[in-house]
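To keep things clear, I will list the structure first and then write my remarks on it.
What you see is a predicted model, and the numbers here were worked out from it, not measured in a lab.
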Amino acid sequence: MRWLLLGALLGLLLVFPPLLGLLVAAVAAVLSKPVLVAFGLGLAVRTRLPRLRRWAR
């Protein structure tokens with residue numbers, strides 16, 4: 001699924017070259033907000049961490 005989405009994105013960028021500027025602007029806007037960056041990194045790390053047992057039962 002990930003490769004299909006990447007292929008679709010690259011296909012759109014080949015057909016509509018001005019979309020690259022829009023994509024760069026959108027990425028720059030998201031990266032300029034530290035809260036969104038921290039949230040995204042938290043989601044990425046959370047999916048890779050093993051489930052921890054509860055400390056107190």
Side-chain angles (χ1 to χ4, degrees):
M1 183 69 179
R2 177 179 56 187
W3 294 110
L4 187 63
L5 290 174
L6 180 63
L9 178 65
L10 290 177
L12 282 173
L13 288 175
L14 283 174
V15 174
F16 302 110
L19 284 179
L20 180 61
L22 182 65
L23 182 67
V24 169
V27 169
V30 169
L31 289 179
S32 70
K33 304 199 181 312
V35 173
L36 292 178
V37 173
F39 181 74
L41 288 175
L43 284 178
V45 170
R46 172 88 173 152
T47 59
R48 288 180 172 77
L49 285 177
R51 300 286 181 227
L52 299 175
R53 293 185 185 189
R54 298 179 79 181
W55 288 90
R57 289 188 183 217

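- Rounding to the nearest 0.5 Å places CG of Leu9 at 9.0 Å from CG of Leu5.
- Residues meeting the side-chain contact (heavy atoms from CB on, under 4.5 Å) test with Leu4, sequence neighbours left out: none.
- To the nearest 0.5 angstrom, Leu41 atom CG is 11.0 Å from Leu36 atom CG.
- Annotation: side-chain contact (heavy atoms from CB on, under 4.5 Å) contacts of Leu19 (sequence neighbours excluded): Leu12, Leu13, Phe16, Leu22.
- Hydrophobic clustering (side-chain heavy atoms under 4.5 Å, transitive across Ile, Leu, Val, Met, Phe, Trp, Tyr) groups Leu23 together with Val15.
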